[in-house]
Structures are given as structure tokens and as C-alpha cells.
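Down below is the structure, laid out as C-alpha cells.
We name chains A, B, ... by the order of the sequence lines, and we start the count at 1 in each one.
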2 protein chains.
Amino acid sequence: MPRPKTRIQIRNSETILEAALDVFSAHGFRGATLDQIAEGAGLSKPNLLYYFPSKEAIHQTLLTRLLETWLDPLREMDPNGDPVAEVMGYVRRKLELSRDYPRESRLFAIEILQGAPRMREAIEGDLTALVAEKAKVLRHWMEEGRIARLDPVHLVFSIWALTQHYADFDVQVRTVLGEGHDPYAEAGAFLETLYMRLLAP
Amino acid sequence: MPRPKTRIQIRNSETILEAALDVFSAHGFRGATLDQIAEGAGLSKPNLLYYFPSKEAIHQTLLTRLLETWLDPLREMDPNGDPVAEVMGYVRRKLELSRDYPRESRLFAIEILQGAPRMREAIEGDLTALVAEKAKVLRHWMEEGRIARLDPVHLVFSIWALTQHYADFDVQVRTVLGEGHDPYAEAGAFLETLYMRLLAP
DNA sequence: GCAAGATCTGACCATCCGGTCAAAACCCAT
DNA sequence: ATGGGTTTTGACCGGATGGTCAGATCTTGC
């Protein structure tokens, strides 16, 4: 089964990945079982393994897809745009990603937390390269005096940390806030203030 | 074995917890095995279970200890001190915690990521209460015009997110920064700037 | 409507893992 | 040194889990 071709193959592959995302993001790789994924996908376990050669392969497929989604908002940061607006836009898009794809965020977090055993090369390659490229853009803006002088890489880290926190620590955030709060709306306002103050030259 | 009493009991219990922290923080609860912990502690598996009744019990002991360490720096924030200095002090202490106890940070992160199945009540109780108390202090400082008006709870979240990021995503941070960097020193400087700008009234 | 291929399944296997237990080894006060 | 309690261990158990396989069932192009 190199590449899905028939309609059934496409549909079932997607169903499996969807169910697997649920299970992997909730329990980690080791904590997830094929039976749980099969249950979630409404398929039998041997049928899962008809579409994917192994548990590992399902996980790998999810991680590969994930990284693209993850880096896109940063890629969109335009070197020719208005510096503050561009950074603010990135913050906003990244927060939306946390809000709309919390399972992906958690899957990624679990992987990195455990030392990125199945993502090392992607991080060393694409991710590092993209950050280096965008750090250069940020540094340029700083030299022009259009945003405050800061360590550009740590600036990016701060955006990652602050936005992913709301997806990854969702339980804690909601518990501490209590009832009657919209975490993401509040986070959006808070981060807006934070970065406006931080970036002002 | 209700409470360790003899010297051997104390020594072995500590050795086990130390090894268990290594393994749990690296692989999560489900990913950790008693054999790995036993290996790390230099004891046989049945001998582990002479000191702790179950894998679960070892994990629980670690989590309970952890929460204390974790909340202490926030507890130390003094309502009668200088507002900016107090918040900056908390940021610094929390970052030191990430630097000096990264395994504890990851253990905590994994637990929350997975929905805090074994920490719910602690989060709903002690943690939420402490944050509420300190949020009140922060709000008071804001009303006095001594620090900027912000959502105090999200301010605390931001401190957690930014400091824990360096422990939890250590692999990513080091990979992206490349050789010749001291992540925590740089983070200290960056966060100093960030919070000085954010808190200025 | 009928092969030929694609899809699906029940039964099964080997391994891993948390945990038990009886007995051995060890420690120490008398 | 000896006896009673403490500590340690090899052997083992039962259930879970990733994965296999032979064959049954369904789809589809003709």
C-alpha cells in the first residue's frame, strides 16, 4: 500500500489518521494502542494494518503532516510587510492554530518533550532553517529601528511558548480560569498587549 | 511500607524516586517500565515493589513532591514588596526552576498534556487557590498604578509558558539555537526585557 | 453475472509488562 | 554465634499488545 488510490483507501486512511490523532495526542505513542485507534476509526485492528504497515507508520505520517501545518504561519511572515503587523499577524495565526488544532499541538509537544525521537531530522532541517531565515528578517527590522532590539530567536520561542501553552495546558488553563471564560479570546487580547509593548521600538 | 524508617529504606526509596523521575520524565507514565526504573536504580524489579506497592504509587509520590517545588516560587511573591521587583523575582525563580529541575518540569508537562489524570484535584485545589490569591495581589498593584493593567491570570500563564518552554522543549531550543549558546542565560536576559516592558505602568 | 482484485475478519502468536511469592541472603542486637 | 527481622531475588503468572495469516466477503470492470 504505497499510496492510497481508490476512494475506499483514501477514506479509510483519513479515518484512521483522524482516530489516531485523537489517541496519540491524548496518550502519547506508547500509551496509545492499536485497539483504541481501531475502535475510534470503526475498523478492526487487522484492517488498520491493511492500510498502515505498523503503529509506528501511522504516527510518522501524522508527524510529517503536522510539521507543515505548524510552520506555515511562520512562513507567511512577509519580509516586505509592516514589521509590527507581520509579527502580530504571526502571533494571531499561531494562536488560532492552538485553538483550532489543539490535538496537533499536543502531539507535537509530546514528541518534543520526549526528546523528539521521531522528529529529530525535521527539527534539525526544515524548522531550524526556517527560524534562521525569519530571524534574519527580524534582525533586519531591528537594525532599521522598526521594532525593538531583541534576540530574534528568543522572540520566536516566546511566540511558540505563549500560544502553544493554551492548547497544551488546556486543562490547567480552564481549571484555573474557572467557569465563564473564553481562554482563547482572552489570550488574544493579552498577547496583543504584550507584543505591542514588547515590539515598540 | 507506610513510611521509610531504616537508613536502607530511606536510601533505596530515594534512589528509586530518582531513577523513576528520569524514566517517567523521558517516556511518560505509560512509556516507562518498572524494569527501566529498576535498572536505573540498580535494584531488581521485585525489590522496587518491596519499597513501593506499584508503579502508580511511585508516580504519585513524584507528582505530589513536584507540586510543592512548583508552587513555592509563586508563594514567595510578597504582597508588600515592590511590585515590579516581585514579579521579576518570580520570573527569575521560575526560570531557575526550569534550568535546575528540567525533569520535574517535563514530568509535570506530560501529566497536564494528557489531561492531568493523576493530578486533577491538586490543580483544582492548591494551584487554583494560589493563583487566585496572587491574582488578587496583582490586581491590587494594577489598581494602584504600580504595574500595567493586564489580565493577572494570563500574566501568570505567560510566566509559566515562557519559563517552562526552556525545560520542556529543551531539544528544540538547543537545536534551533545551534552550538555556542547558553539558552538559560539568554532566556533570562530576554525575559527581563520582556517583563520590564510589559509591566511598566 | 462473473471473475479478479481489493477489502475485511476471526483466530492466533510472541513478546512485554506489572505484579506475586516462596525462599534465600543479609543485618544486627543479644 | 545465633535467632528474628529486614532485604533481596529467581521463577513465575496473567493480561495486554503489536502484529500475522488464511480465508471470507465485498467491489468493480467487463
Next on the checklist: Could you work out, with side-chain contact (heavy atoms from CB on, under 4.5 Å) as the rule, every residue matching A/N47, not counting sequence neighbours?
Outcome noted: A/L43, A/S44, A/Y50, A/Y51
Next on the checklist: Please enumerate all residues that pass side-chain contact (heavy atoms from CB on, under 4.5 Å) together with B/E186, with sequence neighbours excluded.
Outcome noted: A/D151, A/H154, B/L177, B/H181
Checklist entry - Do the non-hydrogen side-chain atoms of A/Y195 and A/S158 ever get within less than 4.5 Å of each other? => result yes
Checklist entry - Does B/Y50 have a side-chain nitrogen or oxygen under 4.0 Å from the phosphate oxygens OP1 or OP2 of D/dT7? => result yes
Checklist entry - So do B/V171 and B/T175 actually touch side chain to side chain, heavy atoms under 4.5 Å? => result yes
Next on the checklist: Applying salt bridge (Lys or Arg N to Asp or Glu O under 4.0 Å), can you list everything that pairs with A/E133, at least two apart in sequence or on another chain?
Outcome noted: none
Item to check | B/H59: partners by side-chain contact (heavy atoms from CB on, under 4.5 Å), with sequence neighbours left out | outcome: B/F24, B/F29, B/L63, B/L107, B/E111, B/R118
Checklist entry - Does B/N12 have a side-chain nitrogen or oxygen under 4.0 Å from the phosphate oxygens OP1 or OP2 of D/dT8? => result yes
Checklist outcome for this item: Its contact letters, B for base, S for sugar-phosphate only and - for none at protein heavy atoms under 4.0 Å, make nucleotides 25-30 of chain C read ------
Item to check | Option passing salt bridge (Lys or Arg N to Asp or Glu O under 4.0 Å) with B/E76 (candidates B/R92, B/K134, B/R93) | outcome: B/R93
Item to check | Members of residues 24-37 of chain B that approach DNA chain C, where some heavy atom sits under 4.0 Å away | outcome: B/A32, B/T33, B/L34
Item to check | Global bending angle along the helix from C/dG1-D/dC30 to C/dT30-D/dA1, which compares the axes of five pairs at either end, to 10 degrees | outcome: 10°
Item to check | Charged N-O contact under 4.0 Å between A/R103 and A/E18 | outcome: yes
Next on the checklist: Set out, in order, the CA-CA distance, both residues' side-chain angles and the distance that settles side chain to side chain contact (heavy atoms under 4.5 Å, CB included) for A/Y101 and A/E96, then state yes or no.
Outcome noted: CA-CA 8 Å; A/Y101 302 95; A/E96 283 167 1; over 6 Å; no
Restricting to nitrogen or oxygen on both sides, can you table the protein-nucleotides 22-24 of chain D pairs closer than 3.5 Å?
none

Checklist entry - Which of residues 39-47 of chain A sit near DNA chain D, with a heavy atom under 4.0 Å from it? => result A/K45, A/P46
Next on the checklist: Do B/V131 and B/W160 have side chains that approach each other closer than 4.5 Å (heavy atoms only, starting at C-beta)?
Outcome noted: yes
Next on the checklist: So B/F52 and B/Q60, do their side chains get closer than 4.5 Å, heavy atoms only?
Outcome noted: no
Next on the checklist: With side chain to side chain contact (heavy atoms under 4.5 Å, CB included) as the criterion, how do B/I112 and B/I123 come out once you've worked through the C-alpha distance, each side chain's angles and the decisive distance to 0.1 Å?
Outcome noted: CA-CA 10 Å; B/I112 306 293; B/I123 288 179; 3.1 Å; yes
Item to check | DNA chain C contacts made by residues 53-64 of chain A, counting heavy atoms under 4.0 Å | outcome: none
Checklist entry - In whole angstroms, how far is the C1' atom of C/dT7 from the CG atom of A/L48? => result 13 Å
Next on the checklist: Just so I know, are the side chains of B/P152 and B/M142 near enough to count as touching, which here means a heavy-atom distance under 4.5 Å?
Outcome noted: yes
Checklist entry - Given atom OH of B/Y51 and atom P of D/dT6, what is their separation to the nearest angstrom? => result 12 Å
Checklist outcome for this item: Sequence neighbours excluded, the answer for salt bridge (Lys or Arg N to Asp or Glu O under 4.0 Å) partners of B/E121 is none
Item to check | Integer-rounded Å distance: D/dT8 C1' and B/I16 CD1 | outcome: 12 Å
Checklist entry - Quick one: do A/R65 and A/E14 make a salt bridge, cutoff under 4.0 Å? => result yes
Checklist entry - With distance as the sole test, does B/R106 use its side chain to make a donor-acceptor pair with the main-chain N or O of B/A167 at under 3.5 Å? => result yes
Item to check | Nucleotide D/dG18, atom P - distance to CZ of A/F52 in whole Å | outcome: 16 Å
Next on the checklist: Just N and O in the side chain of B/Q9: are any of them under 4.0 Å from OP1 or OP2 of D/dT6?
Outcome noted: no
Next on the checklist: If the condition is salt bridge (Lys or Arg N to Asp or Glu O under 4.0 Å), which residues does B/D100 pass it with, not counting sequence neighbours?
Outcome noted: none
Checklist entry - Backbone N or O of B/R197 within a donor-acceptor pair of the A/R197 side chain at under 3.5 Å? => result yes
